Each structure stands twice: as C-alpha cells, then as structure tokens.
Undergrad: 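The structure's right below; bear with me while I get my questions together.
In each ligand, atom 1 is the first atom listed, and ligand 1 is the first ligand listed. The model shown is predicted, which means the values in this text are computed figures rather than measured ones.
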Amino acid sequence: MCSYGPMSEAAAQALRAVKSQPKATLLAVDFDGTLSPIVDDPAQAYAHPDAIAALGRLGHHLGTIAIITGRPAMTAVKLGHFKEMTGLESLVVLGQYGAERWEAATDHFEAAPEPKEISEVEDELPALFAELGLTGVRIEHKGRAIGVHTRELDDSQGAFDALLKPLRELASKYGLHLEPGKNVLEIRGSGIDKGDALRRLLADTGASQVIFAGDDLGDLPAFEVVRELRDEGHPTLLVCSASEEQDALAKISDLVLDGPQGVAEWLTELADSLDTAGAGSR
Ligand SMILES: O=P(O)(O)OC[C@H]1O[C@H](O[C@H]2O[C@H](CO)[C@@H](O)[C@H](O)[C@H]2O)[C@H](O)[C@@H](O)[C@@H]1O
C-alpha cells in the first residue's frame, strides 16, 4: 500500500517541476528503513528489489540520484546491489552521514580519516554493558562510528533507554556525537550530518530541485536543509517512509508512505510518469 495524504501546493508544484525539468533534479534517499526493510541483523538489510529497479529507471531521467546513509558507503553499495543495477551508473553514495563518498561512474571512494577515539569508546563498552546488566547487545563496527543495537533484546526499549544517557556521556567524553535511531545508538565523529552532506551534493551537482526521502532521526538535518531550500524558492519534496517505530518525520513531510514497500511503489510510479512524459516529448 502506498499511503498518500493530501499534498501541499508547494509539494505538488515540486512534482510538476521534477516532471518538466528532470535533469535539474536531485533525488536523495536514505537507506535503512527507506530503501531497505528493517531487520534484526544489519548485515542482512538488503534493499527492496522494486525500489532499486525503480531507481535504475529514474537514473535515465533525473540529473542526480544519491543515497545518503549512516552506513559505510560500501556496505550500502553491497546491500543495495548498486553496482549491478543498470541506470545507476552515475549514482553517488554518501556514507557515514557524509564522511564517505562513493561514485558509481568512476568507482572512486574517498573518506575522512577515522576518529581514533572510536576505538577508545569501543574498549569501554563491555564494562558499561556489564554494569547495566545487559547481554545480547549487538555492536556494529563501522570504522568511523559504532552502532550499539538493542533490537534483538527481549526488552529492546528498556535497554535503549538504559543506554541512552551513559552512551551520550561516553560520546561527549571523547568529543564524539551520539545519534539515536531505531533501536540503535550510534557514536560517531561530530561536525557532520546528512544536512551538510546534502548541501555539499547540491553545490557539486548544481541541482535546483530536490526530493529527499528518509525515515529516522538521523534524516532530520537533511529535512531541515530541504525546508530551507524551499524557503529560498527551490522546488522541493519531502518524503517519509513511515513506521510505527518513528513518527517524527511524518509530521513534517509532504508525502507519507507505508515504509520501504510504499517507497518502492512510489518510486515506481514516479519512474512510470517520467517514462510517459519522456515518451510524449519524443
Ligand atoms: O541512515 P540510514 O541508512 O537509515 O542508516 C541508519 C542506521 O541504520 C541501520 O540500523 C537500522 O537498520 C537495521 C537493519 O534493518 C536494524 O537492525 C536497526 O535496528 C536499525 O536501527 C544500521 O545498522 C546503522 O549502521 C545505520 O547507521
């Protein structure tokens, strides 16, 4: 099910602008919870195949397609099968909230240095878990960040709540940033977020209109940048991949879709409409 609420005039105008000037459009999409369904094991969170197929079709029309994710860029490339998908030859993947960048066109990968404090934080985690009486917490090692996952615990919310304050203090002790997400607490370098990543991408591509789709708190800075762009007069569209787990984005989105399945269906509809518009202009 694709669940569409009433669309604001600004959003409807943005969609018309995308259809009339697709090459001036940047489509930026979050990975987990937006392109890929949420699962227990992050290593198994493969992108929805219909979403990837739709992105491949959209790649023939739109100026730029980008993935902006908390994952390491190359993990997203693997879980999204992005190297194998026709139409995504100019895809850009901004990983770890913009600290990493991979370009499909050149297979070029670049990244900011790994903060040395990450491994120091990591060394302190076992004692913290023991102190809180927590077993079964999953650690995701990302090099530039650590993901502390509580999804698989019987009382996942209780564990999340118990860890929030001490992990915030631990991050702060090392000058790092704590990013809460869906049953995950991530510790990463400060001074970079998806809003900065989106701004840099806009500057690089010169896109004048933007669609951004996301599902979780880490996407909020990108939502804020899109709002600023709208205030500056750019056509923009904010898309929420809705879930019961997180409703913060639904309230501030133009389109609220039913999770990754709804996103896949909507991307397919967008590709259909651009195919049709393209056929009509030939
Ligand atoms: O920016 P995103 O692409 O949304 O990535 C954010 C974090 O998502 C991942 O965790 C979430 O998805 C997991 C797999 O479905 C799930 O098990 C977990 O509970 C979710 O929070 C990922 O593991 C993190 O590294 C990402 O930063």
Side-chain angles (χ1 to χ4, degrees), residues 27-48 51-52 55 65-80 82 91-102 111 114 118 121-122 136-161 163-164 167 171 176-189 192-198 201 212-223 225 239-246 248-249 253 257 259-261 263:
L27 168 63
V29 189
D30 162 63
F31 189 79
D32 288 283
T34 303
L35 283 184
S36 78
I38 294 291
V39 295
D40 284 350
D41 180 357
Q44 300 302 318
Y46 290 97
H48 192 301
I52 301 309
L55 286 182
I65 298 182
I67 309 300
I68 307 184
T69 174
R71 293 293 191 124
M74 300 319 293
T75 304
V77 169
K78 177 176 163 239
L79 294 172
F82 295 134
L91 180 76
V92 176
V93 178
L94 300 180
Q96 306 233 28
Y97 299 89
E100 300 180 351
R101 179 186 173 108
W102 175 80
E114 290 184 13
I118 292 292
V121 164
E122 211 164 331
V137 177
R138 183 189 285 269
I139 302 292
E140 184 185 7
H141 304 273
K142 301 200 283 186
R144 287 170 186 81
I146 307 167
V148 177
H149 291 266
T150 61
R151 183 169 298 280
E152 292 157 288
L153 276 69
D154 288 342
D155 180 9
S156 55
Q157 188 60 48
F160 182 97
D161 293 343
L163 283 163
L164 182 58
L167 285 182
L176 299 169
H177 174 78
L178 180 86
E179 185 79 62
K182 292 177 171 171
N183 276 293
V184 67
L185 292 151
E186 287 187 66
I187 294 180
R188 60 180 169 87
I192 190 149
D193 61 37
K194 291 193 184 187
D196 301 325
L198 184 60
L201 199 55
F212 184 85
D215 74 313
D216 204 355
L217 299 179
D219 298 312
L220 278 173
F223 269 55
V225 164
V239 180
C240 169
S241 172
S243 65
E244 287 185 2
E245 236 177 294
Q246 181 52 259
L249 271 54
S253 296
L257 304 175
Q261 178 65 35
V263 171

Undergrad: Are any non-hydrogen side-chain atoms of V92 and L201 less than 4.5 angstrom apart?
TA: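 The answer is yes, as the side chains (C-beta and beyond) meet within the 4.5 Å cut-off.
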Undergrad: So, for I38 and D32, which heavy atoms are closest and what is the spacing to 0.1 Å?
TA: CD1-C, 4.3 Å
Undergrad: Return yes or no for this condition: an N or O of I38 is under 3.5 Å from an N or O of ligand 1.
TA: no
Undergrad: Output yes when the distance from some N or O of ligand 1 to some N or O of V184 is under 3.5 Å, and no in every other case.
TA: no
Undergrad: Could you identify the single nearest non-hydrogen protein atom to atom 20 (C) of ligand 1 and state the distance to 0.1 Å?
TA: K182 O, 3.3 Å
Undergrad: Report yes if the side chains of V148 and I187 come closer than 4.5 Å at any heavy-atom pair, otherwise no.
TA: no
Undergrad: Taking only heavy atoms of A45, which atoms of ligand 1 are found under 4.0 Å from at least one of them?
TA: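 Result: 14 (C), 15 (O).
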Undergrad: Give me the nearest non-hydrogen protein atom to atom 5 (O) of ligand 1 as residue plus atom name, then the distance to 0.1 Å.
TA: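 Looking only at protein heavy atoms, the one closest to atom 5 (O) of ligand 1 is D32 OD2, 3.3 Å.
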Undergrad: Could you check which of R188, H149, Q44, E140 puts a non-hydrogen atom nearest to atom 10 (O) of ligand 1?
TA: H149
Undergrad: Which ligand 1 atoms does F31 reach within 4.0 Å, using its non-hydrogen atoms?
TA: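 Going through ligand 1 atom by atom, the ones under 4.0 Å from F31 are 3 (O).
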Undergrad: For Y97, enumerate each residue passing the ring-ring contact (aromatic ring centres under 6.0 Å, His included) test, keeping only those at least two apart in sequence or located in another chain.
TA: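 Y97 satisfies ring-ring contact (aromatic ring centres under 6.0 Å, His included) with no residue once adjacent residues are dropped.
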Undergrad: Please determine whether a side-chain nitrogen of the Lys or Arg among D41 and R138 lies less than 4.0 Å from a carboxylate oxygen of the Asp or Glu.
TA: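 Salt bridge present between D41 and R138.
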Undergrad: Using a 4.0 Å cut-off to any heavy atom of R151, which atoms of ligand 1 qualify?
TA: 16 (C), 17 (O), 18 (C), 19 (O)
Undergrad: Looking only at protein heavy atoms, which one is nearest to atom 22 (C) of ligand 1, and what is the separation?
TA: R71 NE, 3.1 Å
Undergrad: Closer than 4.0 Å to some heavy atom of K142 - which atoms of ligand 1 meet that?
TA: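 Listed by number with element: 24 (C), 25 (O), 26 (C), 27 (O).
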Undergrad: Check salt bridge (Lys or Arg N to Asp or Glu O under 4.0 Å) between E245 and all other residues, then give those that pass, not counting sequence neighbours.
TA: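 Result, salt bridge (Lys or Arg N to Asp or Glu O under 4.0 Å) vs E245: R151.
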Undergrad: Kindly confirm or rule out an N or O of D41 lying under 3.5 angstrom from an N or O of ligand 1.
TA: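 It does not: no N or O of D41 is found under 3.5 Å from an N or O of ligand 1.
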Undergrad: Does P37 have a heavy atom less than 4.0 Å from any atom of ligand 1?
TA: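 Per 4.0 Å heavy-atom rule, P37 contacts ligand 1.
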Undergrad: Are F212 and I68 close enough that some pair of their side-chain heavy atoms sits under 4.5 Å apart?
TA: yes
Undergrad: When you compare ligand 1 with P42, is there at least one nitrogen or oxygen pair between them that comes in under 3.5 angstrom?
TA: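 In this structure, P42 places no N or O atom under 3.5 Å from an N or O of ligand 1.
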Undergrad: Which ligand 1 atoms are under 4.0 Å away from a heavy-atom of G70?
TA: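 Close to G70: 1 (O), 2 (P), 3 (O), 5 (O), 27 (O).
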Undergrad: Do you know which of Q96, E140, K142 makes side-chain contact (heavy atoms from CB on, under 4.5 Å) with E186?
TA: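 Testing E186 for a side-chain contact (heavy atoms from CB on, under 4.5 Å) against Q96, E140, K142 leaves exactly one candidate, K142.
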Undergrad: Using a 4.0 Å heavy-atom cut-off, which part of D40 comes near ligand 1: side chain, backbone, both, or neither?
TA: backbone
Undergrad: Please find the pair of heavy atoms, one from S241 and one from V263, that lie closest to each other, and give the distance.
TA: CB-CG2, 3.7 Å
Undergrad: Looking at CG of D30 and CG of L94, how far apart are the two atoms once the value is rounded to the nearest 0.5 Å?
TA: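 Going from the CG atom of D30 to the CG atom of L94 covers 12.0 Å.
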Undergrad: Looking at E186, which atoms of ligand 1 are within less than 4.0 Å of one of its heavy atoms?
TA: 7 (C), 26 (C), 27 (O)
Undergrad: Determine the minimum heavy-atom distance between A73 and W102, stating which atoms define it.
TA: CB-CB, 4.3 Å
Undergrad: Where on K194 is there a heavy atom closer than 4.0 Å to ligand 1, on the side chain, on the backbone, on both, or on neither?
TA: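 The answer is the side chain of K194.
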Undergrad: Just going by heavy-atom distances, which of D216, V39, L217, D30 is nearest to atom 15 (O) of ligand 1?
TA: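 Considering heavy atoms of D216, V39, L217, D30, the nearest to atom 15 (O) of ligand 1 sits in V39.
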Undergrad: Do L55 and I67 come within less than 4.5 Å of each other through their side chains, counting heavy atoms only?
TA: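 A side-chain contact under 4.5 Å exists here.
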Undergrad: Go through ligand 1 atom by atom and flag the ones less than 4.0 Å from a non-hydrogen atom of T69.
TA: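 Listed by number with element: 1 (O), 2 (P), 3 (O), 5 (O).
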